[in-house]
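Since this is a predicted model, take the numbers as computed values, not measurements. Numbers here are sequence positions counted from 1.
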Amino acid sequence: MDIDVVGPLGNGFTVSRSYEDILLVGGGVGAAELVLLAKQLNAQGRPARFICGAGTKQDLVHLDRIREHCREVVVTTEDGSDGETGIVTGPLERMLGEGGVDIVAACGPDGMLKAVAEMALENETESLVATEERMACGIGACFGCTVPLMVNGRLKMARACKDGPVFRGKAFIEGAKHEASRES
């Protein structure tokens, strides 16, 4: 059996080598996308901290790999079946409030990404978010995977398969706010 694959698509996380305190936030299956970044950072001698959240203990993914490559792992489940009861924003608020975080990199549902980017911005911390858009054509032609971003004061409909799926958090939340204001 033959399988045709288009890939790799888009751009991954780029974390400046000057950043030492790196916080990764994975929600649901979004945690899986951050495992490679955690592994790369650990290999560079700067293991990240990781907040991994899911609805239940059974929904948590790759915790063994995450723990292998990170210096600190905080787990949250909405039902309290593992780790802290609640969602990732609880420990995120606490860690950002302690100060010293250089950058937050996140992957998960859009609502979580918006909250993470908003909290990072409020704490004057850079953030990167990886969206989970469905990429229909994978080459940027169909515009089926667009994400509204604000870039230099202008709205840009960025294609996750070509321009992303990793975007700067500030541009992501400002684009979402712009789109929400147009819809109301």
Exactly one candidate in L34, L63, I22 meets side-chain contact (heavy atoms from CB on, under 4.5 Å) with F50; the answer is L34

M150 and K156, any side-chain heavy atoms less than 4.5 Å apart:
no

Could you report the tightest heavy-atom contact between P47 and H69, atom names first, then the distance?
CB-O, 3.8 Å

Quick check against the 3.5 Å criterion: does D59 have a side-chain atom that pairs as donor or acceptor with the backbone of T56?
yes

One thing to verify: whether E78 and K57 come together as a salt bridge, which I'm taking to mean a side-chain N less than 4.0 angstrom from a carboxylate O.
no

If you measure from CD on E132 to CG on L113, what distance do you get to the nearest 0.5 Å?
7.0 Å

As an exercise, state the distance from CG of D163 to OG1 of T146, rounded to the nearest 0.5 Å.
10.0 Å

Should L121 and V116 be regarded as members of a common hydrophobic cluster, given that ILVMFWY residues are connected when their side-chain heavy atoms come within less than 4.5 Å of each other, either directly or indirectly?
yes

Please evaluate residues L60 and V75 with respect to the criterion side chain to side chain contact (heavy atoms under 4.5 Å, CB included), reporting the C-alpha separation (whole Å), side-chain torsions for both, the decisive distance (0.1 Å), and the verdict.
CA-CA 9 Å; L60 293 166; V75 174; 3.6 Å; yes

Are E72 and M95 packed together at the side-chain level, in the sense that at least one heavy-atom pair is separated by less than 4.5 angstrom?
yes

Distance-minimising heavy-atom pair for A31 and I66:
CB-CD1, 4.3 Å

Let me check something: do V151 and M157 share a hydrophobic cluster, defined by ILVMFWY side-chain heavy atoms less than 4.5 Å apart, either directly or through other members?
no

For a side chain to side chain contact (heavy atoms under 4.5 Å, CB included) check, start with the C-alpha distance between V15 and R46, then their side-chain angles and the critical distance, and finish with the verdict.
CA-CA 11 Å; V15 177; R46 47 190 190 138; 4.1 Å; yes

The side chain to side chain contact (heavy atoms under 4.5 Å, CB included) partners of A105 (sequence neighbours excluded) come to F13, L24, L37

Where T76 and P91 come nearest, the two heavy atoms and their spacing:
CG2-CG, 3.5 Å

Euclidean distance, T125 OG1 relative to L92 CG, rounded to 0.5 Å:
9.0 Å

What closest approach, in Å, do P165 and G10 show between heavy atoms, and which atom pair accounts for it?
CD-CA, 4.2 Å

Whether N42 side chain and A38 backbone form a donor-acceptor pair below 3.5 Å:
no

I'd like to check L149 versus F172 (side-chain heavy atoms, cut-off strictly below 4.5 Å). Are they in contact?
yes

Non-hydrogen side-chain atoms of R168 and S127 separated by less than 4.5 Å
no

Interatomic spacing from CD1 in I173 to CD in E118 - rounded to 0.5 Å
4.0 Å

Where G27 and P109 come nearest, the two heavy atoms and their spacing
O-CD, 3.9 Å

Supply the atom-to-atom distance E133 CD to T131 OG1, rounded to the nearest 0.5 angstrom.
4.5 Å

Donor-acceptor pair, side chain of R159 and main chain of C145, under 3.5 angstrom
no

If you measure only the distance, is there a donor-acceptor pair under 3.5 Å linking the side chains of D79 and S81?
yes

One should read off an interatomic distance between K162 NZ and M135 CE, to the nearest 0.5 angstrom, of 11.5 Å

Contact check, side chains of V166 and N11, non-hydrogen atoms, under 4.5 Å:
no

Flag yes if more than 12 heavy atoms outside Q44 fall under 6.0 Å of its CD atom; otherwise flag no.
yes

Write out all pairs satisfying side chain to side chain donor-acceptor pair (under 3.5 Å) with one or both partners inside residues 85-107, taking only residues at least two apart or from two chains.
E84-R94

Hydrophobic cluster membership, with links at side-chain heavy-atom distances under 4.5 Å among I/L/V/M/F/W/Y: are V25 and M119 in one?
yes

For K170, is there an ion pair with E126 - N to carboxylate O distance below 4.0 angstrom?
no

At their closest point, which heavy atom of P148 faces which heavy atom of L155, and how far apart are they?
CB-CD1, 3.9 Å

Does D64 CG have over 12 foreign heavy atoms under 6.0 Å away?
yes

Ignoring hydrogens and angles, tell me if any N or O in the side chain of T77 forms a donor-acceptor pair with the backbone of A54 under 3.5 Å.
no

